[in-house]
Amino acid sequence: MKKDLDWSSLGFGYIATDYRYSSKFKDGAWDEGQLITDSMITLSECAGVFQYAQTIFEGLKAYSTKDGHIVCFRPDLNAARMADSAKRLEMPVFPEDRFIDAVCQVVKANQDWVPPYGSGATLYIRPYMMGTNPVIGVKPANEYEFRVFATPVGPYFKGGAKPIVIKVSDFDRAAPHGTGHIKAGLNYAMSLHAIVTAHEEGFAENMYLDPESRTKVEETGGANFIFITKDGTLVTPKSDSILPSITRRSIMYVAEHYLGMKVEHRPVYFDEVKDFAECGLCGTAAVISPVGRIVNHDTVIDIPAGMEEMGPVTKKLYDTLTGIQMGSIEAPEGWIKKIC
Ligand SMILES: *Cc1c(COP(=O)(O)O)cnc(C)c1O
């Protein structure tokens, strides 16, 4: 039986669900892994995760479809990206097929927590991995734990589809070690001061520029940018130091193959931003959140689509993508993993 939650008023917060998955890596091998009920983790004070931030994560969602199934969206891409993150931080790769299996096990075991179709809420799934044994000299840990938990969530930004106001951050987004393209806690730790500063000044998010020249648009703390030109082309920044968003890659495909749009994936200069008709942030958590205004000190760029609602092209992309995710629009081959 579904849990007794007020699904449509959920925010983006943590609610402990009944089951999570754990697998441990020791002596060069992963154990079998299992579902467990304990949400707490007890580790050495000297664990690699605490001392040298050796930790990575992923984020994906499970959806209730129109016809009563529970599915998740392109988990193979999360598995592959987590493998890339692991390699960059000298962590063992959790096998990609086992990653997908662990996600499915956690969703299935927590199916009473999956928000119903049409509620606007979804089950957010958080796979993550950390170095667990004591490490004091600077080197990678040799024992790890891979975990997956799930928590029901509502919209990432308060107000849902209302456009947000963001600022151009004076800070660089990521740790300056070429790690911007991986999903790791260290990048988020480095962005916390910037996000707190932006919030204090009344902005919902930051637009980070490339740290080298500060002329090119990178991304926000947890979402990629999409722009729509006045003649309806989708433009999205290309950079080695932004996270390869699965939502953004899916939107590029949907724009081209479902909506017949022209798509450009290329460096985007901040100077161009004033000429775009629509702007949005895209990621698993935000889906597509429209941006209405971008402030860079004394310069204010008002996006023509305005502050009232999503621009028309962004809305079409949003409706098509969420239609595919929730089963009302046929998905490209291999995009939807049916769980139960
Ligand atoms: C997770 C994340 C995104 C969004 O990626 P999705 O795969 O679409 O969820 C964008 N930027 C950063 C920095 C991220 O960590």
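All ligand and atom numbering here is 1-based and tracks the order in the structure.
- For residues 291-300, the salt bridge (Lys or Arg N to Asp or Glu O under 4.0 Å) pairs, not counting sequence neighbours, are Arg293-Asp302.
- Phe146 and Phe94 have parallel rings, their planes meeting at less than 30° on a 0 to 90° scale where 60° marks the start of perpendicular.
- Trp30 places a side-chain N or O within donor-acceptor distance of the main-chain N or O of Val93, the cut-off being under 3.5 Å.
- Relative orientation of the Phe73 and Tyr63 rings is perpendicular, given thresholds of 30° and 60° on the angle between their planes.
- Taking the six-membered ring for Trp and the full ring otherwise, the centers of Phe149 and Tyr14 sit less than 6.0 Å from each other.
- Among protein residues, Arg81, Arg173, Lys183, Tyr188, Glu219, Gly221, Gly222, Ala223, Asn224, Leu243, Ser245, Ile246, Thr247, Gly283, Thr284 come within 4.0 Å of ligand 1, judged on heavy atoms.
- Not one N or O on the side chain of Arg74 forms a donor-acceptor pair closer than 3.5 Å with the backbone of Gly334.
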